[in-house]
Every structure is written in C-alpha cells, then in structure tokens.
**Student:** 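Just dropping this structure here.
Each chain gets a letter, A, B and so on, in the order the sequences are listed, and its residues count up from 1.
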Amino acid sequence: MSQTLTEKQKWYWKKNIKLIIILLIVWFLVGLGAGVLFAEPLSKIQFLNVSLSFWIAHQGAILAFIILILTYAIRMDKLDKQYKEMLKEEKS
Amino acid sequence: MSVEVITIILVLITFAIYTGIGWWSRVKDTSNFYVAGQGVPTVANGAAIAADWMSAASFISMAGLVAFLGYDGTIYLMGWTGGYVLLALLLAPYLRKFGKFTVPDFIGDRFYSNGARAVAAVATIFISLTYISGQMRGVGIVFSRYLQVDIVIGVLIGMAIVGFFALLGGMKGVTWTQAIQYFVIIIAFLIPAFAISFQLTGNPIPQLALTSSDIVERLGEIQIDLGMTEYMAPFTDLSLLNVFMITLALMAGTAGLPHVIVRFYTVKSVRAARWSAVWAIIFIGLLYLTAPAVGAFAKYNLIDTIADKPLEEVQNIDWVNKWEATGLLQLDDINGDGTVNFTGGEDNEVVIDGDIIVLSTPEVAKLSPFIIALVAAGGLAAALSTASGLLITMTSAVSHDIYYRIFNKKASESQRLLVGRMTLLAALAVAAYVGINPPGFAGEVVALAFGLGAASLFPVILLGIFDKRMNKEGAVAGIITGLSFTLIMIGAILSPSIFGTEQPILNSFFGINAQGVGVVGMVLNFIVSFIVSRITPEPPQEIQELIENVRAPELDE
C-alpha cells in the first residue's frame, strides 16, 4: 500500500470520523446526559414501575451502548466495501 | 453432600479444565506468548475480552455496590460499559491496524521515543498491579467463605493455577481459558438471578422483572421506612458532579486499561477487532443488565429476611452464621432489645459488606447447594481470568517493552521467552503478597487503577491516532502531568487509609472525590500535551506515514 494518503483514503477517514462523532454524541446524550445531567427532571417521568431516569441509568444506557458498538461495526463494514469498490472502478 | 464438598468438587473440576486448556495450548514463541499468534476467532476473543474485563469487582462486588448506592450505582453500570464504546470506536481498530504486541509498543513507536515507551510500560505495570490486588481479595473471600481454608492458602492455590497456565500457554493459553471462564462466570451469575427473580416476582427474567415488577418501588418504600435513602432517586449518596466525574473516569479508564486493549491485538484483522468488540459488549451487557436486578432483589430479600426479626432467630440462620465468621456481616444488638434493627441511622445494628450480596444471594433465597457452589466457582473464574490477563500484560511490559525494546535489542526469541517467564513468576509473587497482605484501601484500589488509566494512557493513545501533529514532547509531558496530578490528588484525598494520617490532607478537589479526580488529570493531560506539541517540532516524516497507515482502510484480511 502506498504510504501517503490518496484522495480516497482521505474520503474514507472523513467518513469514519463523521460516524464516530455521531455515535459519540448519542453516547454522551444517553449516558451522561439522560443518565446523569438530566436525571432529576427525568426521574419524574414514570417508565413501567420505575422512573425513566432510573431505568436509563441502570439498564437503558447499557442497551444503547451495545447498539452503538454494533452500529459502528456494521457501518464500517459497509464503508470498507464502498472503498474497495471505488478502488476497483479506478483500476478498470 | 454439604455445600463445602460440592463447592470443592466444582472448583476442582473447573480448575482441571482451565489447566488442561493451558497445557493443550502451550506455546513456544513470543508471538503466541504475547498475542496468541493473532489467530483467535472473533467470538472466542469477545468472550475472552468479557472474562478478562469482568473482574472479581464485576462479579462479586458490583451488584452489591449497586444495591447499596441505589440510583448512584450507575457510576459502575454505565462507567464500565460506556468505556467500551470509547474503546471500540476510538482505539481498538487502529491499535489492531498498528499490529504490534503491547500498548507501550504503540506509544513508543508512535512517539519515536524510548522514554515514552518506558513511561507507558511503567504506567502499565502500575495500573496492572493496582488492579490485580483487587482480584486477590476476591479470591481470598471466596476461598475463606466456601472452603473454610485460611485466606493465605486460598490465595496461594489461586496463584498456582493462574501461574501454571499463564507460564505454559502465554496469551494463547490465557485467551482460551478466559473464553471458557466467561461461560462459567455468566452461568454462575444468571442461574441464581433467574431463581431469585422468579421467587420474588414470578417473572424468571431478571432483566425484565426489574422494571415490570414493583420490587424496586417496594424496596424504595422499605428503605424510607427504615430511615435509609430512597433507592430510585438520583444523587442521594453522591453529588451530581461526582456521579458525572466518576462515571467519566471509569469510562476513560476502561478504554485505557492495557490488559483489555491488548486483547484486540490477538485477532486476525481490523474488521475482526471491531466485531470482537461487538461480541464482548454483548457478553458483558448480559451480566451488566442482570446486575442491577440482582442488586435490588437481593437487597429486598436480605432486608426482608433479617430486619426487625428476633436476633436469636437471625443468628441461627446458617448463612448468617458463616458470613458472620468471615467478618463481612456483623450483627450487634446495640440497644439490647433482642431484635435486629436495620436502619440508615445511628441505631443501625447491621453492618454488611457489599461484597457478600452476590455470593450470599443463593443462600438467602434458599437455592440448592449446587447453585451456591456454582456461584463460588463463578467468582473464582472472574477473579482468576482477570488476574491472568493482568499477569501477561505486566510480563510483556517488562520483558518485551523494557528488556527487549530498550535494553537488549539483540535478544533471541528464547531469551525473551525466558525473561518473560521469569517476570511472570516475579509478578505472581508480588500479586500473591498483595493478596495475602491487602493494602488497607482495598475498596478504592480498582477505582484508582481506572483513574490512573484515564489520566495517563487513554489521552496519549487517543492523540497518537487522531492528532497527527502530536509529538514526543507533547505526549511525554501529558502523561507525566496527568499521572502525577492524579497520584498526588488520590494520595491527598485518601491519605488516612494510604499514609495513616488522622485527617485527609485534602477533602476533595473542588468537590470531586478520589474516584473521579482522574478526569481532571485526563483533561490536564490533553491540555498540556496539546500546548507542548504545538510549540515543539512536528513529528518526523516516517511517523506521519505511520499514522496515515494506521488510519487507512485494511484491504486484505
């Protein structure tokens, strides 16, 4: 592989960074946002038999984290595939 | 058969399996010793990461911590799982692409400096040693309670087993053993959880019963009646600032734990590293989604069993008796009225160490002796799997990063393996010593390891990948600032238990306690490394190419 960044590698890196930033914003809003910073207002909302903030802090956030990591793996697989197709097009 | 006999049999069987795997996967070269030849399948690596990551703290202590902290227990639930998101998105794929053996390898090469390599190796050893002493306490508790042997003997048995397969198998042996240990851990955690959930709520799925039943609500009411804090309300035990800071410290610390990061070096491609992270968080999530339910249910059950009951009746309960003998449960009829007053005030007569919540649940819920034994085996698996991962990490920091990369670059393969195995024996001896003579601040040590990880390794690895302009000077200045600030602050805030002063030298750092102060160290690390790197020369051309290569997509796998 060439050691300097080609246009396509730059494109790939930008896409990667954008995906990470979006996922981390969700990570912050759900975990530290809803679970900690906004815990007091959200504790007045009922979720089944517990308060919404309690559920987020004890279970919801963990579920969200699993989904975030899964999303990252799936989206990066897709990005890898797009990148390889672009390389093929260039050759042909 | 008594509980003790079944426990011994079950523990022996699981130990025999671990040892057999250690023998079967013994290795002869350094690549297998450090990173298992990079040939571990994704799902197995995910299970191994989960077992490596879920320590005695996760298995034995966490549900208990959550049970006592209520809402604020989220610092552990969210802190430890949320860190995985950082690890999976920001570090793991790039470190795998970099493709060497250890964390100091990356830091040393990326910052073209043996100084940085040495600092990273020392930080790695320090964090791992702190962390391993917490595991040894777990081993000690399990052995002293279930096998009724002396803690010293218990720790020695545990260390012998860990040492045996780590010496033989290196990372390869450890990985496969950990994958098996994950299943022991999770089965041992889930079965009593199903049982207690079914008993209390009629719903066998604890993760759902937590919200669908009214146990949490009733626990909240009982706690208020008894004069304790509300279970479901946020910030009753810790301030919002501290919950925020501690959660963040645990998150960044998780991402910076060298023994977890190194796990991602053992898979065959970048894609496999990403999917290992997915499997790991699913495996970890299974336990972490269960723990808050176990904590709430076990606490409810425990209060229900002993609060306001005649003292004599309570002391006749078999498990109360045995836990009293370990000193982790204390009943003291202060007012002499013959009943057990369990309150949040001064008239409280019950002192419970949170560590017994999970281990005593099967007995409190009157489950069969087999399940009680299974939980003991699970607790041991959790402690031993983490301890073995930490041992390998410390060993590679000394024999690979310090001996081979810094002092003796001509060392042959067999010389390096020899130094590796000798270091492992030394590390084992230190760990056994710490296990037998645990430092007075055992409860804080694991959190301490996370604070140090957050303040030292996490920022430099992150900047090494995402900031191309970051240079040697910046990184070294950053690590030293973050590490020394955090060490000094922890030392000052916890001075009564560390140095034996009467009063803490410092009550808190602007309201942030010792567990959360690592975040301040981390922020300082970022600021200092940024400023220093901008006023010193940019990194050489070949390093910029290295970064580009780490960032570039991997074409063949």
**Student:** Tell me, do B/L289 and A/L63 make a side-chain contact under 4.5 Å, heavy atoms counted?
**Tutor:** yes
**Student:** Looking at A/W27, I'd like to know if its CH2 atom is crowded, meaning that more than 12 non-hydrogen atoms belonging to other residues, nucleotides or ligands lie closer than 6.0 Å.
**Tutor:**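 It does: A/W27 CH2 has more than 12 such atoms within range.
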**Student:** Quick one: does B/V270's side chain get under 4.5 Å of A/D80's, heavy atoms only?
**Tutor:**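 They are not in contact (no side-chain heavy atoms under 4.5 Å apart), so the answer is no.
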**Student:** Is chain B contacted by the side chain of A/I74, its backbone, both, or neither, given a heavy-atom distance below 4.5 Å?
**Tutor:** both
**Student:** Give me the atom names and distance for the closest heavy-atom approach of B/Y71 to A/H58.
**Tutor:**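 So the minimum-distance heavy-atom pair works out to O-NE2, 3.3 Å.
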**Student:** With only heavy atoms counted, which part of B/L210 is less than 4.5 Å from chain A, the side chain, the backbone, both or neither?
**Tutor:** both
**Student:** If you look at every heavy atom in B/A552 and A/Y12, which pair is closest and at what distance?
**Tutor:** C-CE2, 4.5 Å
**Student:** Pick one of side chain, backbone, both or neither for A/S53, based on which atoms fall under 4.5 Å of a heavy atom in chain B.
**Tutor:** both
**Student:** Starting at CE of B/M232, measure out to CG of A/N49 and round the result to the nearest 0.5 Å.
**Tutor:**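 It is 8.0 Å, given to the nearest 0.5 Å.
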**Student:** Would you say B/R551 and A/N16 make side-chain contact, with heavy atoms under 4.5 Å?
**Tutor:**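 Not touching, per the 4.5 Å side-chain cut-off.
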**Student:** If you define the side chain from C-beta out and look only at heavy atoms, does anything of A/S43 sit under 4.5 Å from B/F235?
**Tutor:**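 The answer is no, as the side chains (C-beta and beyond) never meet within the 4.5 Å cut-off.
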**Student:** Taking all non-hydrogen atoms of both residues into account, name the closest pair between A/G31 and B/M78 and its distance.
**Tutor:** O-CE, 3.0 Å
**Student:** Can you tell me if CZ on B/R218 sees more than 12 non-hydrogen neighbours from other groups inside 6.0 Å?
**Tutor:**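 More than 12 heavy atoms, drawn from other residues, nucleotides or ligands, come within 6.0 Å of this atom.
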**Student:** Between B/F466 and A/W13, is the ring centroid distance below 6.0 Å?
**Tutor:** yes
**Student:** Under a 4.5 Å heavy-atom cut-off, does chain A meet the side chain of B/Y84, its backbone, both or neither?
**Tutor:**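 Backbone plus side chain of B/Y84, per the 4.5 Å heavy-atom cut-off to chain A.
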**Student:** Please identify, among B/L89, B/V278, B/L77, B/L241, the residue contributing the most non-hydrogen atom pairs under 4.5 Å to chain A.
**Tutor:**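 Maximum pair count with chain A is reached by B/L89.
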**Student:** What part of B/V85 is in contact with chain A, defined as an atom under 4.5 angstrom from a non-hydrogen atom: side chain, backbone, both or neither?
**Tutor:** both
**Student:** Considering only heavy atoms from C-beta outward, does the side chain of A/L32 approach that of B/T247 to under 4.5 Å?
**Tutor:**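 Yes. Closest side-chain heavy atoms under 4.5 Å.
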**Student:** Under a 4.5 Å heavy-atom cut-off, does chain A meet the side chain of B/Q207, its backbone, both or neither?
**Tutor:** both
**Student:** Are A/L70 and B/W275 packed together at the side-chain level, in the sense that at least one heavy-atom pair is separated by less than 4.5 angstrom?
**Tutor:**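 Side-chain contact under 4.5 Å: yes.
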**Student:** Less than 4.5 Å apart, side chain to side chain, heavy atoms only: is that true for A/I56 and B/T74?
**Tutor:**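 A side-chain contact is absent here, since even the closest heavy-atom pair is not under 4.5 Å.
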